[in-house]
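Convention: sequence-line order gives letters A, B, ...; per-chain numbering from 1.
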There are 2 protein chains.
Amino acid sequence: MDIQYFKDLLHERALKATNSRLNLLTTMLAYKSAMPYSAIQESMKSVDRVTLYRTLESLKQSGIIHKAYQENNETYYAICGKKCGHQQHSHDHIHFKCLKCELVTCEQTTTDIKISIPEFVINTTSIYLEGICKLCKD
Amino acid sequence: MDIQYFKDLLHERALKATNSRLNLLTTMLAYKSAMPYSAIQESMKSVDRVTLYRTLESLKQSGIIHKAYQENNETYYAICGKKCGHQQHSHDHIHFKCLKCELVTCEQTTTDIKISIPEFVINTTSIYLEGICKLCKD
DNA sequence: TAATAAATGCAACAATGTTGCGTTTATTAT
DNA sequence: ATAATAAACGCAACATTGTTGCATTTATTA
Ligand SMILES: [Mn+2]
Ligand SMILES: [Mn+2]
Ligand SMILES: [Zn+2]
Ligand SMILES: [Zn+2]
C-alpha cells in the first residue's frame with residue numbers, strides 16, 4: 001500500500017484522488033493501528049472539519065476505511081482490506097483494544113468463530129476484545 | 001423485577017431512589033428490548049436532559065444498566081442482570097439486532113464462546129450480531 | 001486548454017456531552 | 001413528625017460532533 005495504490009483505489013471507486021483523501025489514507029496507513037478520530041483531526045487540521053466529515057463518509061461508503069470501534073466519544077477508523085468494495089464491507093477480522101498501550105487493532109483469530117442463537121438467523125458478526133496485546137505482554 | 005426491586009437495588013448501590021431513576025428503570029423494563037436513547041428521551045421528556053444524562057451515567061456506573069449497543073448516533077441501553085455491581089459489569093450475553101423489527105436485544109448463546117489471538121491476553125469479549133430474530137423469522 | 005461533475009470551505013443549525021451552581025428532595029437522625 | 005444533610009435536580013453555559021445548503025475551487029475528461 002502506497003500513495004499510488006490509494007490513487008488507483010479511489011479512481012476504481014469513482015472517487016476523486018483529492019489531497020484530503022490521500023492525506024487521510026497515508027496518515028492512517030502510517031498510524032498502523034486503528035486511528036482515533038481525535039488523532040485524525042489533529043493531523044488533518046488544515047482541512048475544514050466538514051470536509052473531514054465528508055471525507056470519512058465517502059471513504060467509508062466506498063469500502064476503503066471502516067469504523068473499527070467506538071467507545072465513549074472516540075471513534076476509531078481503520079483501512080479496509082481488499083475484500084471490501086462500494087456499499088459492501090466484508091471483514092473477517094475482529095477488533096482488539098489493548099488496555100496497556102490503548103491501541104485498537106484489527107486482528108485475525110485462529111479458529112473459526114461460529115456463534116448461534118436458537119431460532120435466530122445470523123447475518124453478520126462483530127467481535128470486540130479487550131486485553132493485553134502481544135507487544136505489551138510480559 | 002418491579003418497582004420495589006429497583007428501590008432496593010438503588011439503595012444497595014448507595015443511590016437515592018428518585019423519580020427519575022425509578023421512571024427510567026420501569027420504562028426500560030416495560031420496553032423489553034434494549035431501549036434506544038431517543039425513545040428514552042421521549043418517555044422522559046418531563047425531566048431535564050442533564051438530569052437524564054446523569055441518571056444514565058449513575059445507573060451505568062453502578063451496574064444497573066448497560067450500554068447494549070451504539071450505531072450511528074443512537075445508543076441502546078438495557079437493564080443489567082444480577083451479576084453486575086458497582087464499577088463491575090459482568091455480562092455473559094451478546095447483543096443482537098434484528099434487521100426486520102430493528103430491535104436490539106440481549107441474548108444468550110448456546111455454546112461457550114472462546115476466541116483467542118496468538119500471544120494476546122484476552123480479558124473481555126463483546127459480541128454483536130445482526131440478523132433475523134426468532135419472532136420475525138419465517 | 002476548456003468543460004464539467006465532484007469536492008471543498010464557510011455559514012448555520014441540531015444533537016449530545018459535560019460542568020458549575022443554586023435550589024430541591026430523599027434519606028437519616030433527632 | 002421534624003430537622004439536618006448529602007445527593008440529586010434544573011438551568012445556564014459551553015464544547016464537540018453531525019449534518020445540510022450553497023457558492024467557489026479543483027480533479028478529471030474531452
Ligand atoms: Mn478492522
Ligand atoms: Mn445486554
Ligand atoms: Zn498493547
Ligand atoms: Zn425481529
Could you tell me the separation between the CD atom of B:Glu12 and the P atom of C:dT27, rounded to a whole number of Å?
15 Å
Can you tell if the side chain of A:Met35 reaches within under 4.5 Å of the side chain of A:Ser43, non-hydrogen atoms only?
yes
Under 3.5 Å between N/O atoms: give me all the protein pairs with nucleotides 20-24 of chain D, atom names plus distance.
residue, atom, partner, partner atom, Å
D:dG21, O6, A:Arg54, NH2, 2.9

Might you list the N or O atoms of the protein lying below 3.5 Å from N or O atoms in nucleotides 6-8 of chain D, with each pair's distance?
residue, atom, partner, partner atom, Å
D:dA6, N3, B:Lys16, NZ, 3.3
D:dA7, O4', B:Lys16, NZ, 3.3
D:dA8, OP1, B:Lys16, N, 3.3
D:dA8, OP1, B:Arg21, NH1, 2.6
D:dA8, OP1, B:Arg21, NH2, 3.0
D:dA8, O5', B:Arg21, NH2, 3.4

End-to-end axis angle, where each axis spans five pairs of the helix from C:dT1-D:dA30 to C:dT30-D:dA1, to 10°
40°
Quick one: does A:His66's side chain get under 4.5 Å of A:Cys106's, heavy atoms only?
yes
Consider only side-chain N and O atoms of A:Glu74 and A:Tyr76, and report whether a donor and an acceptor are under 3.5 Å apart.
no
Using the rule given for side-chain contact (heavy atoms from CB on, under 4.5 Å), can you reason through B:Thr125 versus B:Ile94, listing the C-alpha separation, both sets of side-chain angles and the distance that settles it, and then say yes or no?
CA-CA 9 Å; B:Thr125 304; B:Ile94 62 100; over 6 Å; no
Tell me whether B:Lys134 at atom NZ has more than 12 heavy atoms from other residues, nucleotides or ligands lying less than 6.0 Å away.
no
Please tell me if A:Asn19 has a side-chain N or O lying less than 4.0 Å from either OP1 or OP2 of C:dA7.
no
Search all heavy atoms of A:Cys80 against all heavy atoms of A:Met1 and return the closest pair with its distance.
O-CE, 4.0 Å
Would you please classify the geometry between the B:His95 ring and the B:His93 ring as parallel, tilted or perpendicular, with 30° and 60° separating the classes?
perpendicular
Using atom CD of B:Gln70 as one end and atom P of C:dT16 as the other, report the distance to the nearest whole Å.
11 Å
Within the 4.0 Å heavy-atom criterion, would you say A:Asp48 contacts the bases, only the backbone, or no part of the nucleic acid?
base
Non-hydrogen atoms of B:Lys100 and B:Asp138 that approach each other most closely:
NZ-O, 4.0 Å
Close approaches to DNA chain C from residues 35-45 of chain A, in residue order (heavy atom, under 4.0 Å):
none
Is there any salt bridge (charged side-chain N to carboxylate O under 4.0 Å, His left out) pair reaching into residues 48-66 of chain A, and which pairs are they, with sequence neighbours excluded?
A:Glu57-A:Lys60
B:Tyr76 OH to C:dT16 P, in whole Å, measures 13 Å
Is the closest side-chain heavy-atom distance between A:Thr55 and A:Val47 below 4.5 Å?
no
Measure NZ/A:Lys7 against P/C:dA7 and give the value in whole Å, please.
16 Å
What integer distance in Å separates A:Asn23:CG from D:dT26:C1'?
15 Å
State, yes or no, whether a side-chain contact exists between B:Tyr37 and B:Leu52 at a heavy-atom distance under 4.5 Å.
yes
Would you mind telling me which residue lines up with the more 5' stretch of DNA chain C, B:Thr75 or A:Leu52, judged by nearest nucleotide?
A:Leu52
Donor-acceptor pair, distance only, cut-off 3.5 Å: does the side chain of B:Arg21 make one with the backbone of B:Leu59?
no
Quiz item: B:Arg49 side-chain donor-acceptor pair to C:dG17 base, under 3.5 Å:
yes
Minimal heavy-atom distance between B:Leu10 and B:Ala17, with the atoms involved, is CD1-CA, 3.7 Å
Rounded to whole Å, how long is the line connecting atom CG of A:Leu56 with atom P of C:dA7?
14 Å
For the pair made of CG in B:Leu24 and P in D:dC9, what is the distance, rounded to whole Å?
11 Å
Measure from CZ on A:Phe6 to C1' on D:dA27 and round the result to the nearest Å.
19 Å
Salt bridge (Lys or Arg N to Asp or Glu O under 4.0 Å) filter on A:Glu42, not counting sequence neighbours, yields A:Lys45
